[in-house]
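Per chain, numbering begins at 1; letters A, B, ... match sequence-line order.
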Number of protein chains: 2
Amino acid sequence: MNTPRKTPTMADVARLAGVSPMTVSRAFKTDSSVSEATRDAILKAADDLGYVFDSTASSLRSQRTDFVAVTIPSINNANFADTLRGLAEGLKPRGLQILLGYTDYDMAEEERLIEQFLRRRPEAIVVTGGRHTPRARRMLENAGIPVIETWDLPEDPIGHVVGFSNAEAVRGMVDHFVARGLTRIAFIGGDTSRDTRGADRRRGFIAAMQAKGLDATRLIAAGAPPISMREGALAMGRLLQTLPDTEAVICVSDLSAFGALTECQRRGVDVPGRLWIAGFGDYEIAGISVPALTTINPFPRDMGARTAALILDVLDGRQLAPAHIAIAPELLIRQSGG
Amino acid sequence: MNTPRKTPTMADVARLAGVSPMTVSRAFKTDSSVSEATRDAILKAADDLGYVFDSTASSLRSQRTDFVAVTIPSINNANFADTLRGLAEGLKPRGLQILLGYTDYDMAEEERLIEQFLRRRPEAIVVTGGRHTPRARRMLENAGIPVIETWDLPEDPIGHVVGFSNAEAVRGMVDHFVARGLTRIAFIGGDTSRDTRGADRRRGFIAAMQAKGLDATRLIAAGAPPISMREGALAMGRLLQTLPDTEAVICVSDLSAFGALTECQRRGVDVPGRLWIAGFGDYEIAGISVPALTTINPFPRDMGARTAALILDVLDGRQLAPAHIAIAPELLIRQSGG
DNA sequence: CCTGTTTATGTTATCGTTAACATGACCTGT
DNA sequence: ACAGGTCATGTTAACGATAACATAAACAGG
């Protein structure tokens, strides 16, 4: 019978290597001053015992968890995934581990996640968007760690911001279409308050149209997020039926835009001949579909990378005041219109 | 000047509420036996102090972290994201938090991640695929926690398995195409060993073709993963140039299949009229593109959900022996061929 | 009314690591 | 040869929670 021995600890390693536990602890930190011979002996002993370092104990004693908490609305979204990737890549060199949660576009769920995350004592917390429940906001304000809001430019930020104005970005698209002589422009999506960024884009569309003195009522609902290709196709169907003289459609995202495009293809509506379609996000599909989709690139991965860099700056004391980093989204005019 | 007071602990809450720290601890566990009056007083005190429960200390003492470690090849992949979602949803009711890492299709990176994760003392670990570095495998074997391999049916599993045979799934597609009378069938992707599942699918293609006595050499490389739409389009370009008499193409994923389809559209090649295209994964785009893509649905979300259920069963002692759960992928014949 | 059980709470020791301080050995320059 | 410094290692006492055990009060059944 094999002994049901417990997981070995540093003390066990120390005993086998003939040193004190403290020296073992030092040997596991690369930078510490331990003689090479001692370190080798310790690592050998640790290997022989099958010792696995216990981060939990380390975290408790050192008060450093090396966690960065991140909440995003959805994992099944290439834009957010890109931000996450930029973030993860920027944090990895420093050994910071992301604690990921998705809110499913639900602020109450976000609140629950934030509460859970703060209990884990992360070094920083990144949230998507600038709107939160009052309690969530309070928790973030009192967390005592850097807070970064992304994918938005909130009027009253909690702490740091790395984002862009969704409304402004869509205004750019409207202005471009109007400059090209179009007037009957529609917007698909952004109809529910749940998708905060979608709603902002829709608001931006309405404001921009009104600023140009144009009819801003060609609004097609797409339902609750995640708004995907299918919803885009259905919305396009409704648009073609109710407002057949529409000249261009701006969609809340490339996914709905592509769905809308496929609906046109199924119905034999020529894009861009009879109708222009624009999306948002510069997903891969926007660049490769036939026709390629006119869209807006908000540089999601860059947003993640900048957020990561900001976090490191704050943790290292290089950045003291709340940073307010604005990303400039880029208008990409492609074959689907513009 | 405001006092730089430290974060309050249970002891502080206990003092304010006039109880012992142990009672505070109990009050924070919903199931424990604390009188309603006491609990209210404690929660009130905690709120007044801005107390935030410290999971790190709790984990160290109770030897329970409520973490489940998960490694996936890429976050920017809707299939893996679906698995993750199924997993997260299944684990959330039990308060298990996912510790996510992505390997970027790199086994050495996977090894590094596994090592890091095990230090966090997760309750279980989920890995994608059945191939790992020898050291990674050893670490998993000795981890003393449930190990679940997914997205594959390894010959020699480490512990539990929730997956399917990538090779068998593709065989099903080949058999179907052959039954429909085709013989000149090509395969795009799976050419690098990095994408283990892609390579398995390619192997499955070759084996199935050879089993039918057909030419299994129409293999188009798509490069290193992540193989996406663009690579699919480029590969299709090469296929049309070098093997123009090909009747059908099976692609390593729907993303490359859609890219391939767009290339046909750009070149005026009729799909399915002149060429059939099939993908893998049943991504949303497969169902909505025009023509819709013939593909294979491996039920990624279900895989995640089943994995979560398995983890709970194991943690609760309901499942003792290593489980071996095979998912049956479904052939979806759509307009692009079949 | 007494014993046995349940309920609400307290006491003590500990989870495994490391911050902070201490120490002895070995330099190093004058 | 010695004060001052560096280097490698050791000692002690936490970090903040809770498992395990203990106890007092309330309750229940005969």
Expressed as a whole number of angstroms, how long is the span from [X]:[atom1] to [N]:[atom2]?
| X | N | atom1 | atom2 | answer |
| --- | --- | --- | --- | --- |
| A/D54 | C/dT14 | CG | P | 18 Å |
| B/R39 | C/dT9 | CZ | C1' | 13 Å |
| A/R26 | C/dT17 | CZ | P | 15 Å |
| B/R121 | C/dT17 | CZ | C1' | 11 Å |
| B/E36 | C/dT7 | CD | C1' | 15 Å |
| B/F28 | D/dA17 | CZ | C1' | 12 Å |
| B/M10 | D/dC15 | CE | C1' | 14 Å |
| B/M22 | C/dT14 | CE | C1' | 13 Å |

OP1 or OP2 of [N] under 4.0 Å from side-chain N/O of [X]:
| X | N | result |
| --- | --- | --- |
| A/S58 | C/dG16 | no |
| A/S59 | C/dT17 | no |
| A/T23 | D/dG10 | yes |
| A/Q63 | C/dT18 | no |
| A/T9 | C/dG16 | no |
| B/S35 | C/dT9 | yes |

Under a 4.0 Å threshold between the charged nitrogen and the carboxylate oxygen, would [Y] count as salt-bridged to [X]?
| X | Y | value |
| --- | --- | --- |
| B/K92 | A/E109 | yes |
| B/R121 | A/D54 | yes |
| B/D313 | B/R318 | yes |
| B/K44 | B/D40 | no |

Self-check item: More than 12 heavy atoms of other groups within 6.0 Å of A/R131 CZ
Solution: no
Quiz item: When you match B/T38 and B/L60 each to their closest nucleotide on DNA chain C, which lands nearer the 5' end?
Solution: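 Closest to the 5' end, via its nearest nucleotide, is B/T38.
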Practice problem: Look at the side chain of A/R61 against the base of C/dT18 and say whether a donor-acceptor pair falls under 3.5 Å; ignore hydrogens and angles. | Solution: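 In this structure, the two groups form a donor-acceptor pair.
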Exercise. With A/R119 as the cation and B/F28 as the aromatic partner, state whether NZ or CZ is under 6.0 Å from the six-membered ring centre and within 45° of the axis.
Key: no
Quiz item: Which listed nucleotide (D/dT18, D/dG16, C/dT17) is nearest to the side chain of B/S62?
Solution: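 Nearest nucleotide to the side chain: D/dT18.
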Practice problem: Please assess A/I72 against A/T83 for the test side-chain contact (heavy atoms from CB on, under 4.5 Å), listing each intermediate value before the final yes or no. | Solution: CA-CA 9 Å; A/I72 56 177; A/T83 297; over 6 Å; no
Exercise. Output the residues of residues 11-20 of chain B in contact with DNA chain D, where contact means a heavy atom of the residue under 4.0 Å from an atom of the strand; sort by number or write none.
Key: none
Quiz item: How is A/T56 classified with respect to the nucleic acid when contacts are heavy atoms under 4.0 Å: base, sugar-phosphate, or nothing?
Solution: nothing
Self-check item: Result of checking A/R137, A/E110, A/E111 against A/H132 for side-chain hydrogen bond (donor to acceptor under 3.5 Å, both in side chains)
Solution: A/E110
